[in-house]
Amino acid sequence: MNASFRPELVIDGIAALAGECRLKTVFEFSSAEDMRRGAEILRFSCEAFATAGALGGYAMAGRMYPEANITVSGGVRTREQQADVQFSVVSIDPKAFQFLRNMLGMLVAHNARLERIRVTAQDAPADGPVLLPTVGEGNESTAYPAMVVPPELFQLVWSDSQFSKTRRVIVEFHERPPAGLPGRLEPYVQAWFGLLERGAFCAPFGLPFEAESVGGRLSLFDETCYEISIARFVASEAGFRVLANMLGHFSRNVLAIARVEID
């Protein structure tokens, strides 16, 4: 992560996230003026974070779908140099808050200094604060949430192709999907693009405005497959774990998927 943006990310009551709980998330800025400059970015980042989480993006290993969920309750509340956001969560991986911290790297471009993000599980036994490390080249594989799609849900294939900033994901169904399928799958794709384009997966390559990624579109690939195209991907491969989790949620709750290929 860029040395100009290193806010602490502290989670208090981390064990509670394995079940159902309310999270008070406090964003501590350097001054009231910093908070004013960053308020809009904070609001949009929290909305994008929760939208993808509500579609299974951050499911905790062993908890799976459809239980994993996160929603924002009541919007952003501000006072002096702090902003508070209430999240309601069910069985999410606490490392998912790395994605929110990454998106808030955009604050640097607006000269809004953020010192700390403190996530506290309310009405839960205190098990001591845990400081999540910043994501770097040495810990990228472990600092982000894991992928939790079991093999019996669908076959997941990572293609061994040459490096390219243009990427695609092929989603294959067991048979020709119904005509209304794009309308059901599109919200999942757009929610993931919302994370991607706001820089949720930018570390360790830079801040959101330094490592810009651009989504693409959902289109019919062949009789039983749809393609999710990504116009520009300058981000951690861990971002595809989130997409795979979301497709797992779709497969369990909307229409069974046979195979997903990440290319």
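- The two residues C46 and V85 come nearest to each other via the heavy atoms SG-CG2, 4.0 Å.
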* **Test log, rule side-chain hydrogen bond (donor to acceptor under 3.5 Å, both in side chains), inputs E261 and S159** => CA-CA 7 Å; E261 181 180 352; S159 294; 2.4 Å; yes
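- The closest donor-acceptor contact from the side chain of N139 to the backbone of T134 lies under 3.5 Å.
- With rounding to the nearest 0.5 angstrom, the CE atom of M106 is 6.5 Å from the CD1 atom of I41.
- Among residues at least two apart or in separate chains, side-chain hydrogen bond (donor to acceptor under 3.5 Å, both in side chains) pairs with a member in residues 171-185 are R176-E223.
- Summarising the geometry of Y226 relative to P177, their closest heavy-atom pair is CE1-CG, 3.7 Å, with the distance given to 0.1 Å.
- Neither L17 nor V26 shares a network with the other; the hydrophobic side chains, linked directly or stepwise wherever heavy atoms of I, L, V, M, F, W or Y lie under 4.5 Å apart, form separate groups for each.
- Across every non-hydrogen atom of L220 and C225, the tightest pair is CD1-O, 3.5 Å.
- Hydrophobic cluster membership for I170: F221 (Ile, Leu, Val, Met, Phe, Trp, Tyr linked by side-chain heavy atoms under 4.5 Å, directly or transitively).
- A chain of hydrophobic side-chain contacts below 4.5 Å, direct or via other Ile, Leu, Val, Met, Phe, Trp or Tyr residues, connects L181 to I228.
- Under a 3.5 Å cut-off, the side chain of W192 and the backbone N or O of G239 do form a donor-acceptor pair.
- Annotation: side chain of L132 is in contact with side chain of I11 (closest heavy-atom distance under 4.5 Å).
- Summarising the local packing, CD of Q190 is surrounded by more than 12 heavy atoms from other residues, nucleotides or ligands at distances under 6.0 Å.
- Not a single donor-acceptor pair under 3.5 Å links the side chain of R259 to the backbone N or O of V157.
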* To do: Check the pair L218, V171 against side chain to side chain contact (heavy atoms under 4.5 Å, CB included), reporting the backbone distance first and the verdict last.
  => CA-CA 10 Å; L218 175 68; V171 183; over 6 Å; no
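- Within the 6.0 Å centre-distance limit, the rings of F49 and F87 are counted as a close aromatic pair.
- The closest side-chain heavy-atom distance from L114 to D34 is not below 4.5 Å.
- Relative orientation of the F99 and F201 rings is perpendicular, given thresholds of 30° and 60° on the angle between their planes.
- Distance check, rounded to the nearest 0.5 Å: SG of C202 to CG of L196 gives 10.0 Å.
- Following chains of ILVMFWY side-chain contacts shorter than 4.5 Å, one cannot reach F205 starting from V214, and the two form parts of different hydrophobic clusters.
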* Would E237 and R167 satisfy salt bridge (charged side-chain N to carboxylate O under 4.0 Å, His left out), going step by step from the backbone distance to the final call? -> CA-CA 11 Å; E237 292 292 302; R167 306 291 294 272; 2.8 Å; yes
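- At least one side-chain heavy atom of L156 sits less than 4.5 Å from a side-chain heavy atom of I262.
- Residues E20 and V89 fail the side-chain proximity criterion, which asks for heavy atoms closer than 4.5 Å.
- When only modelled atom types and interatomic distance are considered, S236 and E140 share a side-chain donor-acceptor pair under 3.5 Å.
- Side-chain atoms of I230 and F240, non-hydrogen and from C-beta on, do get closer than 4.5 Å to each other.
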* To do: Evaluate the criterion side chain to side chain contact (heavy atoms under 4.5 Å, CB included) for residue pair V72 and Q86; output intermediate values, then yes/no.
  => CA-CA 6 Å; V72 177; Q86 293 276 352; over 6 Å; no
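- Distance check: R113 CZ to M35 CE gives 13.5 Å after rounding to the nearest 0.5 Å.
- Here M246 contributes atom CE and S251 contributes atom OG; the two are 14.0 Å apart, rounded to the nearest 0.5 Å.
- Summarising the geometry, atom CD1 belonging to I117 is positioned 5.5 Å from atom CG belonging to L100; distances are rounded to the nearest 0.5 Å.
- When every heavy atom of T51 is checked against every heavy atom of A191, the shortest pair comes out as CG2-CB, 3.8 Å.
- By the rule that hydrophobic residues join a cluster once side-chain heavy atoms approach within less than 4.5 Å of another member, L207 and V234 end up as members of separate clusters.
- Closest heavy-atom contact between G53 and I70: CA-CG2, 3.2 Å.
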* Please test W158 against D263 for side chain to side chain contact (heavy atoms under 4.5 Å, CB included), starting from the C-alpha separation and ending with a verdict. => CA-CA 6 Å; W158 295 76; D263 187 7; over 6 Å; no
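- Applying the salt bridge (Lys or Arg N to Asp or Glu O under 4.0 Å) rule to pairs touching residues 143-156 yields nothing, sequence neighbours excluded.
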* Taking it one step at a time, do N245 and V149 satisfy side chain to side chain contact (heavy atoms under 4.5 Å, CB included)? -> CA-CA 6 Å; N245 289 344; V149 178; 3.9 Å; yes
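- Taking the side chain as every heavy atom from C-beta outward, Q122 and C21 never approach each other to under 4.5 Å.
- Contact annotation: the side chain of E115 never approaches that of E8 to less than 4.5 Å [non-hydrogen atoms, C-beta and beyond].
- Sorted by first and then second residue, the salt bridge (Lys or Arg N to Asp or Glu O under 4.0 Å) pairs with a member in residues 81-95 read R79-D84; sequence neighbours excluded.
- Note: F250 and F154 fail the aromatic proximity criterion, with ring centroids not under 6.0 Å apart.
- Y58 and N69 are not linked by any side-chain donor-acceptor pair at a separation below 3.5 angstrom, with hydrogens and angles left out of the test.
- Rounded to the nearest 0.5 Å, atoms CG (L247) and CZ (R252) are 13.5 Å apart.
- Shown here are the salt bridge (charged side-chain N to carboxylate O under 4.0 Å, His left out) partners of E47, two or more places apart in sequence or in another chain: R43.
- L23 and V10 are members of different hydrophobic clusters when ILVMFWY side chains are connected at heavy-atom separations under 4.5 Å.
- Sorted by first and then second residue, the ring-ring contact (aromatic ring centres under 6.0 Å, His included) pairs with a member in residues 7-47 form an empty list; sequence neighbours excluded.
- Side chains of T25 and R118 form no contact here, defined as non-hydrogen atoms less than 4.5 Å apart.
- Using a distance-only test at 3.5 Å, with no hydrogens or angles considered, a donor-acceptor pair links the side chain of E197 to the main chain of G215.
- The backbone N or O of A121 sits nowhere less than 3.5 Å from a side-chain atom of R22 that would complete a donor-acceptor pair.
- With hydrogens and angles disregarded, no donor-acceptor distance shorter than 3.5 Å links the side chain of T78 to the backbone of A83.
- Residues P94 and M60 come closest through the heavy atom pair CD-CE, 3.7 Å.
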